[in-house]
Number of protein chains: 2
Amino acid sequence: MLKLSKKVEYGLMALLHMDSLEPGSLVTAKEVSDQFAIPSELLGKVLQALARASLVESVHGARGGYRLKQSLDTLTLGEVVDALEGPFHLVRCHENPATCDQFESCNIREPVLQIQDRLMGYLSAFRLAEFRSKRPAVAGKR
Amino acid sequence: MLKLSKKVEYGLMALLHMDSLEPGSLVTAKEVSDQFAIPSELLGKVLQALARASLVESVHGARGGYRLKQSLDTLTLGEVVDALEGPFHLVRCHENPATCDQFESCNIREPVLQIQDRLMGYLSAFRLAEFRSKRPAVAGKR
DNA sequence: GTATATACGACCTTTTTAGTCTGCTTTCAA
DNA sequence: TTGAAAGCAGACTAAAAAGGTCGTATATAC
Ligand code: SF4
Ligand code: SF4
């Protein structure tokens, strides 16, 4: 509970890495997976999901790869989580009431919405640019 | 990811229910589990954990049960989560670095601490009293 | 045309969560 | 004094979610 999933961690690592490259340059899933010791097929799926959500851009075929589509200054943690995990719900009934045996008698459903809203607001306000503070920009090229 | 566990939900439901009873009155795990359609053995464990953490007080033996030990005005969401799930860590390396294959190459470990701190701060600041807003206090006695 | 890359979905394995069961101890009250 | 009602503890099983793998299709540079 309340732990980042590997999907999100991998996505953040990749986004941050791309940010350190020359703007516009492409990087392949394999290159990133090698550098960060991430299973390449898995990272592939993560990057594909980020591409679907237009956080990154993909180039097909040989000499293809991925590049940032938005600056980390405008990207937020909320967008990444949403792209990789789908809409954020703190309790299951907010997606599908039928899955909860306590739905009828529940006395916390409404109040929990407050918490969820504030948490979501926080995620949406957290800009990924904060991740690169004090990290030297390492020049990298393919 | 980022979902309340049933343990925490059950704990919150029970705490909120106890708050609606006459101050000092006892309630058994069975009574609460019946009222909220929670498996009684499971709720028992939850209440036992809350007792160990001194959020509630337990009375042994026949005619025993549980009662609040602190007012919801002073109890926080952070305390409940901590009692039921243990210390809050957003990423696994903060508990045990050896369990992460990406530890050596990780470029997000430090920045994630910021997020964790703010999230934890939020949980610790959220008082359970907010849960009972606008709910009528139902008199209940055993 | 072939090598290299993304894209997608099915599948398997591992880990975590949820729930169950058994047996014990404590206490009340008949 | 004894049985029922409660809390307490831990092992166990079942279900669900997360993490990881594989096969194959498709796009593109050369
Ligand atoms: S217990 Fe209440 S809050 Fe949790 S999922 Fe069920 S209805 Fe929603
Ligand atoms: S990937 Fe980085 S942040 Fe996540 S657990 Fe491993 S070391 Fe920690």
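Chain naming here is simple, since letters A, B, ... match the order of the sequence lines and numbering starts at 1 in each. Computed over heavy atoms, backbone and side chain alike; hydrogens, waters and symmetry mates excluded.
Between the P atom of C:dT16 and the CD atom of B:E95 lies a distance of 9 Å, rounded to the nearest Å. Atom-to-atom, NZ of A:K6 to P of D:dG20 comes out at 7 Å; the value is rounded to the nearest Å. Taking atom CD of A:E57 as the reference point, atom C1' of C:dA5 lies 15 Å away to the nearest angstrom. Regarding A:E31, its CD atom lies at a distance of 7 Å from the P atom of C:dA5, rounded to whole Å. In this structure, CG of B:L2 is placed 16 Å from C1' of C:dT17, rounded to the nearest angstrom. Put simply, CG on A:D34 is 11 Å from P on C:dA5, counting in whole angstrom units. Taking atom CZ of residue A:R67 and atom P of nucleotide C:dT6, one finds them 13 Å apart after rounding to whole Å. Across the protein-nucleic acid pair, B:L42 atom CG and D:dA14 atom P stand 17 Å apart, rounded to whole Å.
With a 4.5 Å cut-off on side-chain heavy atoms, A:K3 and B:L90 do not count as touching. At a threshold of 4.5 Å between non-hydrogen side-chain atoms, the residues A:L4 and B:M1 count as touching. Within the 4.5 Å cutoff, the side chain of A:E79 has heavy atoms near those of the A:Q70 side chain. A 4.5 Å side-chain heavy-atom check between B:L123 and B:M120 finds every atom pair outside the cut-off. Put simply, the side chain of A:E9 reaches to within 4.5 Å of the side chain of B:V91, judged on heavy atoms.
Neither OP1 nor OP2 of C:dT16 sits under 4.0 Å from any side-chain N or O of B:S5. Under 4.0 angstrom from either OP1 or OP2 of D:dG20 there lies at least one side-chain N or O belonging to A:Y10.
With the nearest nucleotide of DNA chain C identified for both B:E85 and B:A62, B:E85 has the one nearer the 5' end. Toward the 5′ end of DNA chain D lies the nearest nucleotide of A:R92, the other residue of the pair A:H60 and A:R92 mapping further downstream. Comparing B:G61 and B:K7 against DNA chain C, the residue whose closest nucleotide sits nearer the 5' end is B:K7. The residue among B:V59 and A:E41 whose nearest nucleotide of DNA chain D lies closer to the 5′ end is B:V59.
The cationic group of B:R118 does not satisfy the cation-pi geometry with A:Y122, failing either the under 6.0 Å distance to the six-membered ring centre or the 45° limit from the ring axis.
Sorted by first then second residue, the ring-ring contact (aromatic ring centres under 6.0 Å, His included) pairs that include residues 48-96 of chain A, not counting sequence neighbours, number zero.
With C:dG19, D:dA6, C:dA7 as the candidates, the nucleotide lying closest to the side chain of B:T28 is D:dA6. Here the side chain of A:R63 is nearest to one of D:dA29, D:dT21, C:dA7, namely D:dA29. Listed nucleotides: D:dT21, C:dA7, D:dG7. Nearest to the side chain of A:Y66: C:dA7.
The stretch residues 44-52 of chain B touches DNA chain D through B:K45, B:Q48, B:R52, each having a heavy atom within less than 4.0 Å of the strand.
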